[in-house]
Amino acid sequence: MNFNEIKALDESYVVQTYGRNQVAIDHGHGATLWDTGGKEYIDFTSGIGVCSLGYANEAWAKAIYEQAMKVGHISNLFYTEPYAKLASKLVPAAGMAAAFFGNSGAEANEGMIKVARKYSYDKYGEGRAVIITLKNSFHGRTITTLKATGQDHFHEFFFPFTEGFRYAEANSMDSLMAAAGDDVCGVMMELIQGEGGVNPLNQDYVQAVAKLCAERDWLLLVDEVQTGVGRTGSMFAYQQFGIQPDVISFAKGIAGGLPFGGFMTNEKCRAVLKAGDHGSTFGGNPMAAAAANVVMDTLTPEFLAQVTEKGQYLRDGIASLSSPIVSGIRGMGLMIGVGVQGMTHKELKDKLMAAGLLCLTAGKDTLRLLPPLSITTEEIDKGLEIMAQVMK
């Protein structure tokens, strides 16, 4: 099918909730994609941080195929090998105690919220259920995670929202203390606010929040949906901030392109949820878990070091353009935000796409770059060449 045929089907039969780019992607290899017309693109999006091993990765595809030919799904009423093996790799890599597997980042954050509220209810009874989140945060699109998101424009249309959230300014302990109270059970935060503009939190602030949570027996909840699974150059971003959370969520890159997510708890919280307290029909799906095992086997210390190096190489390359459009560069590993001035971030994104480079936007003025973790230096250079052409 050509682009116009695909677009016609979309407009006729699909709910129009997405402002799609006017491109239909057909296939890819590594960090390079081709549309239905044969045009080539360097991909700095990886499906919004999902395709961590790029496209057409043979080990990943083989694992999915082999598992599909054994059993594609059976539910959590039975044990299967792939999710158990995955947990045995993921939990120690995170320094946590136990994992729960679901399907998406929003679902993972919902589960994390449930752990915090039940932990507090079991220990202190009713009246201690408020979770403090940060302004400019993003935690998902369910009714509850929309309310947890600290951006006002997400708090529209879908009333009534779930209660029990208060918001504090990022990097301000005074603001956090103003939101505190005897009714608080946890603090939830992204260590790099992704949708909000790729804004890393200050390490001193993060450590101060962790200390306050420990003192007041609030759970420290870290949303690693976008920052986790190697994206920032470590297995999880919090490992570069000198803290150990009580609960973390993860999703996006964990299965390299299949729907998968979940949360992990420390020893204190591993037994909070009992049988029947939480569940997910597709959670721990054998094919998705098989794919995730390939991702985990790929993310060796050497591979993660390369993510850090490639991220620095890309940031240095953008800085060397000396473009008047660039107002600043920030991020960690291969999660990079480029401040845009002189045009909107969407205008720049569209110009880059027309020239053969796929990028994302975030916040009000940020170009967001989330390349596959496996991107090659050659592919980065091609992307930088396109940036130089467009941004000079």
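Here the side chain of Tyr167 pairs no donor or acceptor atom with the backbone of Gln151 at under 3.5 angstrom. Not a single donor-acceptor pair under 3.5 Å links the side chain of Asn136 to the backbone N or O of Gly150. With hydrogens and angles ignored, the 3.5 Å screen pairs no side-chain donor or acceptor of Lys7 with any backbone N or O of Ala24. Between the side chain of Gln193 and the backbone N or O of Lys135 there is at least one donor-acceptor pair closer than 3.5 Å. Under a 3.5 Å cut-off, the side chain of Glu379 and the backbone N or O of Ala31 do form a donor-acceptor pair. In this structure, the side chain of Gln244 engages the main chain of Gly95 through a donor-acceptor pair within 3.5 Å. A donor-acceptor pair is defined here as one N or O able to donate and one able to accept, closer than 3.5 Å; such a pair exists between the side chain of Glu224 and the backbone of Ala237. Judged by distance alone, the side chain of Asp316 and the main-chain N or O of Ala319 form no donor-acceptor pair under 3.5 Å.
Applying the side-chain hydrogen bond (donor to acceptor under 3.5 Å, both in side chains) definition to pairs two or more places apart or across chains, none involves residues 68-82. For residues 174-192, the set of pairs meeting the salt bridge (charged side-chain N to carboxylate O under 4.0 Å, His left out) definition, not counting sequence neighbours, comprises Arg166-Asp183. Among pairs with a residue in residues 254-264, none fulfils side-chain hydrogen bond (donor to acceptor under 3.5 Å, both in side chains), at least two apart in sequence or across chains. Residue pairs meeting the side-chain hydrogen bond (donor to acceptor under 3.5 Å, both in side chains) criterion with at least one member in residues 201-215: none, sequence neighbours excluded. Sorted by first and then second residue, the side-chain hydrogen bond (donor to acceptor under 3.5 Å, both in side chains) pairs with a member in residues 319-340 read Asn199-Arg330, Arg330-Thr366; sequence neighbours excluded.
A tilted orientation is assigned to the rings of His278 and Phe100, their planes being inclined by 30° to 60°.
Aromatic ring centres of Phe157 and Phe159 lie farther apart than the 6.0 Å criterion allows.
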Using atom types as modelled, flag every donor-acceptor pair under 3.5 Å from a side chain in residues 380-392 to any protein atom, sequence neighbours excluded.
residue	atom	partner	partner atom	Å
Asp381	OD1	Tyr313	OH	2.6
Asp381	OD2	Tyr313	OH	3.3

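No side-chain heavy atom of Lys349 sits less than 4.5 Å from a side-chain heavy atom of Val340. Side-chain contact between Thr232 and Gln239: absent, with no pair of heavy atoms (C-beta onward) separated by less than 4.5 Å.
By the ring pair (Phe, Tyr, Trp, His ring centres under 6.0 Å) test, Tyr119 is found to be paired with no residue, residues two or more places apart in sequence or in another chain being considered. In this view, Phe138 and Phe154 satisfy the ring pair (Phe, Tyr, Trp, His ring centres under 6.0 Å) rule, not counting sequence neighbours. Phe241 meets the ring pair (Phe, Tyr, Trp, His ring centres under 6.0 Å) test with no other residue; sequence neighbours excluded. Residues satisfying the ring pair (Phe, Tyr, Trp, His ring centres under 6.0 Å) test with Phe78, not counting sequence neighbours, are none. Contacts of Glu66 classified as side-chain contact (heavy atoms from CB on, under 4.5 Å), with partners at least two apart in sequence or in another chain: Lys62. Partners of Lys351 by side-chain hydrogen bond (donor to acceptor under 3.5 Å, both in side chains), not counting sequence neighbours: none found.
In summary, of the residues considered (Asp223, Thr133, Thr145, Thr149), a side-chain hydrogen bond (donor to acceptor under 3.5 Å, both in side chains) with His139 occurs for Asp223 alone. Residue Thr361 is tested with Lys346, Glu347, Arg368 for a side chain to side chain contact (heavy atoms under 4.5 Å, CB included); the sole match is Lys346.
Taken from CG in Leu221 to CD1 in Ile113, the straight-line distance is 8.0 Å, to the nearest 0.5 Å.
Val222 and Leu273 fall into different hydrophobic clusters, where Ile, Leu, Val, Met, Phe, Trp and Tyr residues are linked whenever their side-chain heavy atoms come under 4.5 Å apart, directly or through other members.
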_Run Arg216 and Val184 through side-chain contact (heavy atoms from CB on, under 4.5 Å) and show every step you take._
CA-CA 9 Å; Arg216 300 201 175 190; Val184 171; over 6 Å; no
_Using the rule given for side-chain contact (heavy atoms from CB on, under 4.5 Å), can you reason through Val198 versus Ile336, listing the C-alpha separation, both sets of side-chain angles and the distance that settles it, and then say yes or no?_
CA-CA 7 Å; Val198 194; Ile336 299 170; 5.8 Å; no
*How far apart are the C-alpha atoms of Asp246 and Lys268, what are their side-chain angles, what is the distance that settles it, and do they pass the salt bridge (Lys or Arg N to Asp or Glu O under 4.0 Å) test?*
CA-CA 8 Å; Asp246 295 299; Lys268 180 172 75 172; 3.6 Å; yes
